[in-house]
Amino acid sequence: MGVNLREIIPPEAVAEIDLAALRYKVVAIDAYNALYQFLTAIRQPDGTPLMDSRGRVTSHLSGLFYRTINLAEHGIKVVYVFDGKPPEMKYMEIERRKQVKAEAVKKYEEAVKRGDQEAARRYAQMAARLTDEMVRDAKRLLDAMGIPYVQAPAEGEAQAAFMARRGDAWAAASQDYDSLLFGSPRLVRNLAITGRRKLPRKNVYVEVKPELIELDKLLKLLGITREQLIALGILIGTDYNPDGIKGIGPKTALKMVKAHRDPVKLLQGLPRHELQVDPLKIYEYFLNPPATSDYKLEWREPDEKKVYEILVEEHDFSPDRVKNALERLKKAYREHFRGRQMGLDAWLRR
DNA sequence: CTGACTTA
DNA sequence: TAAGTCAGG
């Protein structure tokens with residue numbers, strides 16, 4: 001999922017931050033990334049997600065609702081950015097993911113048969129798929145909550161980066177690093193409240209704090225340009241060439257991009273048979289991806305009735321819990337958002 | 001993942 | 001008040 005820069009990011013480039021550091025800042029959240037995380041994480045020990053009485057999955061709504069309210073209580077102005085149509089060159093990867101999920105479904109069923117809860121949960125997570133209906137419900141819920149969302153023409157991460165570059169957002173938020181390649185000046189990872197995360201395959205929880213990666217700082221520390229970072233990503237693998245270049249790991253890739261002042265020349269010189277997609281096409285895409293400026297960011301007063309309809313009446317959420325959370329959301333709106341619509345940047349540019 | 005409740 | 005457990009839908 002996304003370009004794996006983890007191994008080449010120097011620890012000094014990552015700053016642990018407090019949610020208070022994001023107060024009154026606009027954060028463009030990769031909606032698909034967030035919803036998918038809720039969908040995989042919010043499950044029973046045997047892997048069953050939360051569902052309403054008609055069997056429709058509701059894990060994503062639960063996560064979206066409560067987390068968004070938490071962020072609002074911290075005065076953080078979140079905007080969710082939804083994926084549009086992926087570029088043609090992503091179809092290979094999309095097909096591959098479908099295969100992986102189909103395999104996971106089989107393994108899940110086998111695990112259930114032999115009563116292996118842990119495996120069942122693991123494979124259920126792997127098999128999880130975000131449906132159009134889930135996305136529609138998520139958008140309806142955000143609308144009712146008075147939280148803005150933007151429909152990207154293509155990749156959500158590209159749209160979030162575009163918004164951050166223009167100053168409409170302070171940072172992009174996602175677990176993936178792609179927004180950095182797309183040029184977002186800042187990336188926030190681990191944007192959650194309770195910082196507990198279970199280590200894969202272990203029964204151990206570790207504290208995970210939100211972290212901030214600044215693009216300029218990262219590039220300086222690596223001693224490369226954004227263009228070289230994109231080339232680096234292509235060498236180690238992106239969603240558009242998942243395998244990267246055989247035999248080139250993060251370290252070699254960094255050396256290679258440093259050795260070439262012009263990343264285009266480097267990419268042109270790659271062995272053609274190693275690549276399913278023209279590396280220059282990928283390079284151009286990261287450098288200048290489709291994005292729209294046709295959006296308006298407004299944090300409106302929550303429509304309690306609508307939220308109640310969606311969560312309680314349609315999806316069997318507990319009335320008490322929803323009412324309680326709505327009170328918190330209304331209070332957050334009054335305290336942080338009402339009469340504070342424009343960020344400083346937008347105000348200066350008015 | 002998060003809220004609500006329990007425990008020390 | 002902090003840390004732990006469990007259910008939520």
Side-chain angles (χ1 to χ4, degrees), chain A residues 1 17-20 22 27 29-76 78 80 117-118 120-131 133-138 140-142 144-145 147 173-176 188-211 302 304 306-332:
Chain A
M1 298 292 258
I17 56 167
D18 225 75
L19 288 173
L22 299 177
V27 179
I29 302 181
D30 177 359
Y32 186 93
N33 189 269
L35 293 178
Y36 188 78
Q37 276 190 75
F38 296 140
L39 192 58
T40 53
I42 306 177
R43 278 164 194 271
Q44 291 170 309
D46 67 356
T48 314
L50 300 187
M51 287 183 294
D52 64 22
S53 57
R54 292 173 54 188
R56 293 173 300 195
V57 173
T58 56
S59 296
H60 60 302
L61 295 178
S62 178
L64 183 66
F65 184 56
Y66 294 115
R67 178 176 293 179
T68 302
I69 291 173
N70 272 325
L71 297 176
E73 282 185 310
H74 281 85
I76 303 170
V78 301
Y80 285 88
Q117 269 214 354
E118 209 184 291
R121 184 183 165 109
R122 205 163 55 242
Y123 291 123
Q125 285 176 309
M126 278 196 220
R129 240 166 35 86
L130 208 54
T131 65
E133 187 183 11
M134 291 179 194
V135 171
R136 274 201 303 276
D137 272 352
R140 285 175 59 220
L141 178 59
L142 289 172
M145 292 174 74
I147 303 295
S174 176
Q175 290 308 98
D176 293 345
V188 175
R189 301 184 68 245
N190 307 333
L191 185 62
I193 308 305
T194 64
R196 265 162 48 97
R197 186 156 310 167
K198 190 170 174 291
L199 259 41
R201 314 220 45 170
K202 285 183 203 149
N203 239 340
V204 180
Y205 287 85
V206 287
E207 272 290 319
V208 187
K209 287 203 83 182
E211 54 188 44
E304 292 176 82
K306 265 193 202 150
V307 171
Y308 194 88
E309 276 170 18
I310 295 168
L311 294 181
V312 179
E313 289 168 19
E314 283 180 42
H315 293 296
D316 306 316
F317 277 57
S318 146
D320 282 354
R321 278 193 177 211
V322 170
K323 278 181 206 156
N324 222 313
L326 274 171
E327 286 308 314
R328 290 169 50 206
L329 179 60
K330 278 197 296 183
K331 182 155 177 265

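Residue numbering restarts at 1 for every chain, and letters A, B, ... go by the order of the sequence lines.
- At a threshold of 4.0 angstrom between heavy atoms, the contacts of Ser59(A) with the nucleic acid are absent.
- One atom, CG of Leu64(A), and another, P of dG9(C), lie 15 Å apart when rounded to the nearest Å.
- The side chain of Arg67(A) contributes an N or O atom lying less than 4.0 Å from OP1 or OP2 of dT2(B).
- Contact annotation: Asn70(A) side-chain N/O to dG3(B) OP1/OP2 distance is under 4.0 Å.
- Within the 4.5 Å cutoff, side-chain heavy atoms of Asn190(A) are placed close to those of Gln175(A).
- For Arg321(A) and dG9(C), the CZ to P distance is 6 Å, given to the nearest whole Å.
- With rounding to whole Å, Glu133(A) atom CD is found 18 Å from dG9(C) atom P.
- In this structure, the CD1 atom of Ile42(A) is 11 Å from the C1' atom of dG9(C), given to the nearest Å.
- Of the candidate nucleotides dT2(B), dA4(B), dG9(C), dT2(B) has the atom lying nearest to any side-chain atom of Ile193(A).
- The nearest whole Å value for the distance from the CZ atom in Phe317(A) to the P atom in dA4(B) is 13 Å.
- For the pairing with Asp137(A), the side-chain hydrogen bond (donor to acceptor under 3.5 Å, both in side chains) check across His60(A), His315(A), Arg56(A) returns one residue only, His315(A).
- Atom NE2 in His74(A) sits about 13 Å away from atom C1' in dT2(B), given to the nearest Å.
- The distance from atom CZ of Phe38(A) to atom C1' of dG9(C) is 16 Å, rounded to the nearest whole Å.
- Note on Arg54(A): nothing from the nucleic acid sits closer than 4.0 angstrom, heavy atoms only.
- Taking 4.0 angstrom as the limit, Arg328(A) places a side-chain polar atom (N or O) nearer than this to OP1 or OP2 of dG3(B).
- As a whole-Å value, the separation of Gln37(A) CD from dT2(B) P is 9 Å.
- Salt-bridge annotation for Glu314(A) and Arg140(A): present, with a side-chain N of the basic residue lying under 4.0 Å from a carboxylate O of the acidic one.
- Between Lys330(A) and Glu327(A) there is a salt bridge, since a side-chain N of the basic residue sits under 4.0 Å from a carboxylate O of the acidic one.
- In terms of heavy atoms, Asp52(A) sits closest to Thr58(A) at N-CG2, 3.9 Å.
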